[in-house]
Amino acid sequence: MTGSMQILDRLYELVRSRRDERPDESYVVSLLEGGWDEMAAKVREEAEEVVQAARSESDGALTREVADLLFHVWVLMASRGVE
């Protein structure tokens, strides 16, 4: 497994641990508690931001938006128990 994949696996594991352990003041927990509609809205919002960044912003901005999208997709996946 490449180094990048190991990092992504570790980050997803962190999202799952927040789901399971429910620490106070966790953004992951707040999204989960908001339910399906809140999580789906965040994924839609982040996807639009990716498109906007791809159209008219720097590569760095695009990279940050893709990372935000990936994070919110992971929360959605973790909420369904996807491993």
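Below, each value reflects all heavy atoms present in this structure, side chains not excepted, and no hydrogens, waters or symmetry copies.
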Problem set entry | Shared hydrophobic cluster, Leu70 / Leu62 (ILVMFWY, side-chain heavy atoms < 4.5 Å) | yes
For this session: Verify the cluster assignment for Tyr12 and Val29: are they in a single hydrophobic cluster under the rule of side-chain heavy atoms below 4.5 Å apart?
Result: no
Exercise. Quick one: salt bridge (Lys or Arg N to Asp or Glu O under 4.0 Å) pairs with a partner in residues 24-39, sequence neighbours left out?
Worked result: none
For this session: List the steps, then state whether side chain to side chain contact (heavy atoms under 4.5 Å, CB included) holds for Leu11 with Phe71.
Result: CA-CA 9 Å; Leu11 289 172; Phe71 168 78; over 6 Å; no
Exercise. Can you tell me how far CZ of Arg22 sits from OG of Ser17, rounded to the nearest 0.5 angstrom?
Worked result: 11.5 Å
Seminar exercise, completed: What one should report as the nearest heavy-atom pair of Val43 and Leu69 is O-CD1, 3.6 Å
Name every donor-acceptor pair, under 3.5 Å, that has one atom in a side chain of residues 72-83 and the other anywhere in the protein, sequence neighbours excluded.
{"from": "His72", "atom 1": "ND1", "to": "Asp68", "atom 2": "O", "distance (Å)": "2.8"}
{"from": "His72", "atom 1": "NE2", "to": "Tyr27", "atom 2": "OH", "distance (Å)": "3.0"}
{"from": "Ser79", "atom 1": "OG", "to": "Leu76", "atom 2": "O", "distance (Å)": "2.6"}
{"from": "Glu83", "atom 1": "OE1", "to": "Arg16", "atom 2": "NE", "distance (Å)": "3.4"}
{"from": "Glu83", "atom 1": "OE1", "to": "Arg16", "atom 2": "NH1", "distance (Å)": "2.9"}
{"from": "Glu83", "atom 1": "OE2", "to": "Arg19", "atom 2": "NH2", "distance (Å)": "3.4"}

Exercise. Could you give all pairs that pass the salt bridge (Lys or Arg N to Asp or Glu O under 4.0 Å) test and reach residues 42-60, with sequence neighbours left out?
Worked result: Lys42-Glu45, Lys42-Glu46
Exercise. Can you find a heavy atom in the side chain of Arg18 that is under 4.5 Å from one in the side chain of Leu14?
Worked result: yes
